[in-house]
Amino acid sequence: MTSRPTFAFTVDLEPDCPPFLTGFRGVEQGLPSLLDMLADVGVPTTFFTTGEVAQRYPASVERVVAAGHELACHGMTHTAFTSLEPEAARAEIVESAAILRKFSTVTSFRAPYLRFPDEYVEILEANGFALDSSQAKYKLAYYRSTTRTTLRRVPASV
């Protein structure tokens, strides 16, 4: 008997290719087609969404949730957490989680650019997150991390 491979399909709902582009064309034009395709093929998806996207496009976030996909947190403004002081990082997480949790339960997190300092993991724990997908197997930080946490850490891949 052959078993089917397990995979997780995720999408980051954020401004278009920050910092190189300054728009939301992916949310405005791409997301509806993507949601239709995912419905056609029956693939449940985790949408790591910024608080800014949820504020600007609440109907889009509602459609993601209504389609049965997981809504997850991607920070407030798609700012690299490696550039933030601890209080600013905490504010990004607290504010975005509060906004997103108005739409659905949110327990998963992914940092923008897959860069999240180990010392900020405790902020996620304190704010009700159960899963962190901020690491990537193709980045050295994944292999250097020694953080002990109650979070399930699922590395992102390409």
Side-chain angles (χ1 to χ4, degrees), residues 8-28 30-31 34-35 44-158:
F9 187 70
T10 67
V11 173
D12 292 354
L13 270 183
E14 61 192 32
D16 296 335
C17 298
F20 308 106
L21 299 174
T22 57
F24 291 87
R25 201 172 103 200
V27 176
E28 295 167 352
L31 181 61
L34 178 61
L35 287 170
T45 301
T46 298
F47 283 84
F48 290 97
T49 307
T50 64
E52 180 182 26
V53 165
Q55 285 179 322
R56 287 176 177 249
Y57 301 96
S60 294
V61 174
E62 288 169 355
R63 184 170 175 207
V64 165
V65 172
H69 300 293
E70 179 187 11
L71 184 63
C73 185
H74 196 42
M76 185 63 205
T77 61
H78 206 273
T79 299
F81 278 84
T82 51
S83 70
L84 297 173
E85 296 296 324
E87 282 312 307
R90 186 176 316 283
E92 277 270 327
I93 292 167
V94 169
E95 184 180 8
S96 58
I99 291 166
L100 294 169
R101 287 174 176 154
K102 291 176 183 172
F103 295 91
S104 182
T105 301
V106 175
T107 60
S108 299
F109 177 84
R110 175 181 289 157
Y113 312 104
L114 299 175
R115 295 190 306 207
F116 195 68
D118 283 345
E119 58 268 23
Y120 293 170
V121 169
E122 66 183 27
I123 300 171
L124 298 179
E125 292 172 330
N127 284 280
F129 288 93
L131 182 141
D132 175 37
S133 183
S134 298
Q135 296 179 313
K137 285 189 173 184
Y138 60 89
K139 293 189 176 194
L140 279 177
Y142 173 78
Y143 298 97
R144 293 183 176 158
S145 178
T146 59
T147 300
R148 298 217 183 269
T149 179
T150 59
L151 295 173
R152 183 170 184 204
R153 299 196 87 185
V154 178
S157 63
V158 292

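Residue numbers start at 1 and run along the sequence shown.
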(message) Can you give me the closest heavy-atom contact between Ile123 and Ala89, atom names plus distance?
(response) CD1-CB, 4.2 Å
(request) Could you pull out the closest heavy-atom pair between Asp16 and Gly26, with the gap in Å? (result) OD1-N, 2.9 Å
(request) Write down the atom of Ala72, the atom of Thr46, and the distance for their closest heavy-atom approach. (result) CB-CG2, 3.7 Å
(message) Taking side-chain contact (heavy atoms from CB on, under 4.5 Å) as the definition, give me every residue that meets it alongside Ala111, ordered by chain and number, with sequence neighbours left out.
(response) Phe81, Phe109, Phe116, Ser134
(request) Enter the distance from Leu100:CG to Thr107:OG1 here, rounded to the nearest 0.5 Å. (result) 11.5 Å
(request) Check side-chain contact (heavy atoms from CB on, under 4.5 Å) between Ala8 and all other residues, then give those that pass, not counting sequence neighbours. (result) none
(message) Listing request: all salt bridge (Lys or Arg N to Asp or Glu O under 4.0 Å) pairs with a residue in residues 94-113, at least two apart in sequence or in separate chains.
(response) Asp12-Arg110
(request) Please round to the nearest 0.5 Å and tell me the distance separating atom OG of Ser133 and atom CG of Leu151. (result) 11.5 Å
(request) Taking side-chain contact (heavy atoms from CB on, under 4.5 Å) as the test, write out the residues that go with Thr45, two or more places apart. (result) Phe9, Val11, Leu38, Val43, Phe47, His69
(request) May I have all residue pairs that pass salt bridge (Lys or Arg N to Asp or Glu O under 4.0 Å) and include part of residues 63-89, sequence neighbours excluded? (result) Asp36-Arg63, Glu87-Arg90
(message) Using 0.5 Å steps for rounding, measure from the CG atom of Leu124 to the CD1 atom of Ile93.
(response) 4.5 Å
(request) Quick one: list whatever passes side chain to side chain donor-acceptor pair (under 3.5 Å) with Thr77, sequence neighbours left out. (result) Thr79, Glu92
(request) Determine whether Thr82 and Pro117 make a side-chain contact, defined as any pair of heavy atoms from C-beta on separated by less than 4.5 Å. (result) yes
(message) Just verifying a value: how many Å separate Thr49 OG1 and Leu71 CG, rounded to the nearest 0.5 Å?
(response) 4.5 Å
(request) Begin from the C-alpha positions of His74 and Leu13 and carry the test side chain to side chain contact (heavy atoms under 4.5 Å, CB included) through to its verdict. (result) CA-CA 8 Å; His74 196 42; Leu13 270 183; over 6 Å; no
(message) Under a 3.5 Å distance rule, please check whether Asn127 uses its side chain to pair with a backbone N or O of Val94 as donor and acceptor.
(response) no
(message) Using 0.5 Å steps for rounding, measure from the CD atom of Glu62 to the OG atom of Ser104.
(response) 11.5 Å
(message) Show every salt bridge (Lys or Arg N to Asp or Glu O under 4.0 Å) that has at least one partner inside residues 49-59, sequence neighbours left out.
(response) Glu52-Arg56
(request) Please identify each residue that fulfils side chain to side chain donor-acceptor pair (under 3.5 Å) with Glu28, with sequence neighbours left out. (result) Tyr57
(request) Could you pull out all residues at least two apart from Glu122 that satisfy side-chain contact (heavy atoms from CB on, under 4.5 Å)? (result) Glu125
(request) Considering non-hydrogen atoms only, spot the tightest contact between Cys73 and Ala97 and give its length. (result) SG-N, 4.2 Å
(request) List in chain and number order the residues that pass side chain to side chain donor-acceptor pair (under 3.5 Å) with Tyr120, two or more places apart in sequence or in another chain; answer none if no residue qualifies. (result) none
(request) Of all the heavy-atom pairs spanning Asp132 and Arg153, show the shortest one and how long it is. (result) OD2-NH2, 2.8 Å
(message) Ignoring hydrogens, what is the shortest heavy-atom contact between Ile99 and Gly51? Give both atom names and the distance.
(response) CG2-O, 4.0 Å
